[in-house]
Novice: 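Quick one: the structure is below, and I'll ask about it shortly.
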Amino acid sequence: MALLQQLKSQFVCQMIIWYVFLVSGLIINLLQICTLPLWLVSKQLARRINIRLGYCISSQMVAALEWWSGTECTLYTDPKSYLLYGNENAIVVLNHSHEIDFLCGWTFCDRFGVLGSSKVLAKKELSYVPVIGWMWYFLEIVFCKRKWEEDRKTVAQSLQNLRDYPENYWFLLFCEGTRFTPKKHQISMQVAESKGLPKLKYHLLPRTKGFWITVQNLRGTVAAVYDSTLNFRDNEAPNLLGILNGRKYHADLYVRRIPLELIPEDEAECAAWLHKLYQEKDSFQEHYTQTGRFPGPTVSPPQRPWALINWLFWACLLLYPLGLLLAQLISTASIMTILASVAICSAVSLGVRWMIGQTEIDRSSSYGNKEVPLNNN
Ligand SMILES: CC/C=C\C/C=C\C/C=C\C/C=C\C/C=C\C/C=C\CCC(=O)SCCNC(=O)CCNC(=O)[C@H](O)C(C)(C)COP(=O)(O)OP(=O)(O)OC[C@H]1O[C@@H](n2cnc3c(N)ncnc32)[C@H](O)[C@@H]1OP(=O)(O)O
Ligand SMILES: CCCCCCCCCCCCCCCCCC(=O)OC[C@@H](O)COP(=O)(O)O
């Protein structure tokens, strides 16, 4: 067991995973570009194909979490609601304090069969990330600049486009708008105080406009809000590098299904509703801190083999030509080819390191970090 663990942390294993992810990802991005003419002929068919192509990329990261690192994910939820997950469109509201929260979200999407079609309100900067960001254009992910004046029209338009989406999806919203840091927390609590809102201990003050515009534009096509609160056992702060090193974590996710009809239509009332929701989420986190679990029963959505099968398919397809290339390089080794190969490997690992950096809280944006002039009325 210890030997296997040691093997998983070897650089050569990491390189193989990165190589398969990057090369297959770029091939899939290319295939996605090839679907462009189809959008003009049959938009719904183009969407269905892109859902499957997207699955081939995102499921590789799910495979890394589930099969490589062996991370376990426990779901706390009401068994009646459980039966509806994956069978309806939903807006997911999730806390944003962990580097791999999106990946745990993806794992649950996979288990309920909505991984290829799932959406998120994502910051525009992520659209430039090779493979994942490029894939998102074709999956109609909604991007925002986190500047309301610019976002209000574009976000509403992108949401309207989803109204006739052909497969069930979950639309993820991190209402905190950025990842939790002590400084951002302190500043957002000053904002809370100035608005006369109770302080939160475990969350940043939620930004309400994105939630309101999402609910308004998807009303009638989305059945419910899934209020989701994620935590990791033993106070762990997992990260993507840990996953790639084969480190096992245990995630707990508490989900409450709230029918969309219960959410007020009026903007101010909807904002007040969301603030109350975050006060409740804070109490669930307190419960978790005190007892090590969320309230209510647990259910285990079964792990599916498709993510692993997809990874094995791409690995077989791409490792064979790599092997041939390496053999040729060794047999005809000249100092120039060796230097060129080392340069390419270094460039690839720097590129992947930059991509992983996008998930790191230490490199988080300055959004929510600046003191705002407070208006105490
Ligand atoms: C059964 C299983 C269930 C669940 C499984 C879980 C999940 C799986 C689901 C789906 C998975 C799918 C995909 C996942 C894959 C990858 C995801 C990866 C990452 C993407 C994530 C991001 O990029 S997060 C960042 C972008 N998103 C957001 O920001 C969303 C939230 N933001 C908003 O809604 C904003 O309102 C906005 C972006 C629309 C506009 O922002 P802007 O800043 O311009 O305006 P605001 O309204 O927010 O700001 C002005 C108001 O805010 C007050 N203010 C000022 N400072 C602060 C502060 N520090 N904190 C809080 N509030 C502040 C200010 O006073 C203004 O107040 P008003 O009263 O005037 O509104
Ligand atoms: C098989 C696995 C191979 C893995 C190797 C390569 C890994 C490449 C990883 C690329 C990941 C890109 C997807 C990024 C999703 C990041 C989600 C995120 O957390 O974004 C932060 C924003 O919400 C808020 O930003 P901040 O304001 O906090 O800043």
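Numbering of ligands and ligand atoms starts at 1, following listing order. In what follows, residues are counted from 1 in the order of the sequence shown. Below, each value reflects all heavy atoms present in this structure, side chains not excepted, and no hydrogens, waters or symmetry copies.
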Novice: Taking the side chain as every heavy atom from C-beta outward, state whether Leu230 and Leu94 have any pair of such atoms under 4.5 Å apart.
Specialist: yes

Novice: Is there a side-chain contact between Cys13 and Leu7, using heavy atoms and a 4.5 Å cut-off?
Specialist: yes

Novice: For the residue pair Ser228 and Tyr254, establish whether any side-chain heavy-atom pair is separated by less than 4.5 Å.
Specialist: no

Novice: According to salt bridge (charged side-chain N to carboxylate O under 4.0 Å, His left out), who are the partners of Arg163, at least two apart in sequence or on a separate chain?
Specialist: none

Novice: Give the residue and atom name of whichever protein heavy atom lies nearest to atom 21 (C) of ligand 1, and the separation in Å to one decimal.
Specialist: Phe174 CD1, 3.4 Å

Novice: Which residue and atom name correspond to the protein heavy atom nearest atom 61 (C) of ligand 1, and how close is it?
Specialist: Leu205 O, 3.6 Å

Novice: Is Arg146 close to Ser365 at the side-chain level, that is, under 4.5 Å between some pair of heavy atoms?
Specialist: yes

Novice: Give the atoms of ligand 1, by number and element, whose distance to some non-hydrogen atom of Ser228 is under 4.0 Å.
Specialist: 3 (C), 4 (C)

Novice: For ligand 1, which part of Tyr254 has a heavy atom less than 4.0 Å away: the side chain, the backbone, both, or neither?
Specialist: neither

Novice: Heavy atoms only: which of Arg152, Arg256, Lys209, Arg207 is nearest to atom 47 (O) of ligand 1?
Specialist: Lys209

Novice: For Tyr82, is the nearest heavy atom under 4.0 Å from an atom of ligand 1?
Specialist: no

Novice: Between Ser81 and Val255, is the side-chain contact (heavy atoms from CB on, under 4.5 Å) condition met? List the steps.
Specialist: CA-CA 9 Å; Ser81 305; Val255 181; over 6 Å; no

Novice: Please determine which of Ile28, Asp110, Asn50 meets the side-chain contact (heavy atoms from CB on, under 4.5 Å) test together with Tyr55.
Specialist: Asp110

Novice: I need the nearest protein heavy-atom contact for atom 19 (C) of ligand 1: residue, atom name and distance, please.
Specialist: Leu126 CD1, 3.8 Å

Novice: Can you tell me how far CG of Asn245 sits from CD of Gln10, rounded to the nearest 0.5 angstrom?
Specialist: 9.5 Å

Novice: Kindly indicate whether the side chain of Leu121, heavy atoms from C-beta on, has any atom under 4.5 Å from the side chain of Phe143.
Specialist: no

Novice: Provide the number and element of each atom of ligand 1 under 4.0 Å from a heavy atom of Gly105.
Specialist: 6 (C), 7 (C), 8 (C)

Novice: Are any of the heavy atoms in Lys119 under 4.0 Å away from ligand 1?
Specialist: yes

Novice: Check ligand 2 for N or O atoms under 3.5 Å from a protein N or O and list each pair with its distance.
Specialist:
| from | atom 1 | to | atom 2 | distance (Å) |
| --- | --- | --- | --- | --- |
| ligand 2 | 23 (O) | His96 | NE2 | 2.6 |
| ligand 2 | 25 (O) | Lys123 | NZ | 3.0 |
| ligand 2 | 27 (O) | Arg146 | NH1 | 2.9 |
| ligand 2 | 27 (O) | Thr178 | OG1 | 2.6 |
| ligand 2 | 27 (O) | Ser365 | OG | 2.6 |
| ligand 2 | 28 (O) | Thr178 | OG1 | 3.1 |
| ligand 2 | 28 (O) | Arg179 | N | 3.0 |
| ligand 2 | 28 (O) | Arg179 | NE | 2.8 |
| ligand 2 | 28 (O) | Arg179 | NH2 | 3.4 |
| ligand 2 | 28 (O) | Ser364 | OG | 3.1 |
| ligand 2 | 29 (O) | Lys123 | NZ | 3.1 |
| ligand 2 | 29 (O) | Arg179 | NH2 | 3.1 |
| ligand 2 | 29 (O) | Ser364 | OG | 3.4 |
| ligand 2 | 29 (O) | Ser365 | N | 2.7 |
| ligand 2 | 29 (O) | Ser365 | OG | 3.4 |

Novice: So is Trp212 touching ligand 1 or not, going by heavy atoms under 4.0 Å?
Specialist: no

Novice: Of Pro301, Ala192, Gly86, Gly210, which has the heavy atom at the shortest distance from atom 36 (O) of ligand 1?
Specialist: Gly210

Novice: Sort out for me which residue in His96, Lys184, Lys123 forms a side chain to side chain donor-acceptor pair (under 3.5 Å) with Thr178.
Specialist: Lys184

Novice: When you measure from atom 60 (N) of ligand 1 to every protein heavy atom, which one gives the shortest distance, and what is it?
Specialist: Ser188 CB, 3.5 Å

Novice: Using a 4.0 Å heavy-atom threshold (strictly under), name the region of Tyr367 that reaches ligand 1: side chain, backbone, both or neither.
Specialist: side chain

Novice: Nearest non-hydrogen contact with atom 13 (C) of ligand 1 belongs to which option: Phe102, Phe211, Trp106, Phe108?
Specialist: Trp106

Novice: Side chain, backbone, both or neither: which part of Val155 has a heavy atom under 4.0 Å from ligand 1?
Specialist: neither

Novice: Look at ligand 1 and say whether Leu204 reaches it with a heavy atom at a distance under 4.0 Å.
Specialist: no

Novice: Can you find an N or O of Val255 that's nearer than 3.5 Å to an N or O of ligand 1?
Specialist: no

Novice: Out of curiosity, is Lys195 lining ligand 1, as in a heavy atom under 4.0 Å away?
Specialist: yes

Novice: Is Arg304 salt-bridged to Glu66, cutoff N-O under 4.0 Å?
Specialist: no

Novice: Could you find the nearest protein heavy atom to atom 44 (O) of ligand 1 and give me its residue, atom name and distance?
Specialist: Trp148 N, 2.6 Å

Novice: Hey, looking at atom 38 (C) of ligand 1, which of Met61, Gln358, Arg146, His96 has the closest heavy atom?
Specialist: Arg146

Novice: Without hydrogens or angle criteria, can the side chains of Asn231 and Gln285 be said to hold a donor-acceptor pair below 3.5 Å?
Specialist: yes

Novice: Indicate yes or no: does an N/O atom of Lys123 lie under 3.5 Å from an N/O atom of ligand 1?
Specialist: yes

Novice: Name the closest protein heavy atom to atom 25 (C) of ligand 1, giving the residue it belongs to and the distance to 0.1 Å.
Specialist: Gly177 O, 3.4 Å

Novice: At less than 4.0 angstrom from any non-hydrogen atom of Trp136, what atoms of ligand 1 do you find?
Specialist: 15 (C), 16 (C), 18 (C)

Novice: Specify the protein heavy atom at minimum distance from atom 10 (C) of ligand 1: its residue, its atom name, and the distance to 0.1 Å.
Specialist: Leu172 CB, 3.5 Å

Novice: Working to the nearest 0.5 Å, report the span between CD of Gln44 and CD1 of Ile49.
Specialist: 12.0 Å

Novice: State whether a side-chain donor-acceptor pair under 3.5 Å links Thr289 with Tyr202.
Specialist: yes

Novice: Between Asp252 and Arg233, does any side-chain N to carboxylate O distance fall below 4.0 Å?
Specialist: yes

Novice: Would Arg257 and Glu88 pass as an ion pair if we require N to O under 4.0 Å?
Specialist: yes

Novice: May I ask you to decide if the ring planes of Trp136 and Trp106 are parallel, tilted or perpendicular, using 30° and 60° as cut-offs?
Specialist: perpendicular

Novice: I need the contact type for Cys109 against ligand 1. Using non-hydrogen atoms and a strict under-4.0 Å cut-off, is it side chain, backbone, both or neither?
Specialist: side chain

Novice: How about atom 6 (C) of ligand 1: does it have a protein heavy atom within less than 4.0 Å?
Specialist: yes

Novice: Under a 3.5 Å distance rule, please check whether Glu176 uses its side chain to pair with a backbone N or O of Pro206 as donor and acceptor.
Specialist: no

Novice: For ligand 1, note which part of Lys147 has a heavy atom under 4.0 Å away: side chain, backbone, both or neither.
Specialist: backbone

Novice: With nothing but distance in play, are any N or O atoms of Leu121 less than 3.5 Å from an N or O of ligand 1?
Specialist: yes

Novice: Count the heavy atoms belonging to other residues, nucleotides or ligands that lie under 6.0 Å from CG of Asn235, then report whether that count exceeds 12.
Specialist: no

Novice: If we check side chain to side chain donor-acceptor pair (under 3.5 Å) with Arg256, which of these qualifies: Asp78, Asp227, Thr77?
Specialist: Asp227

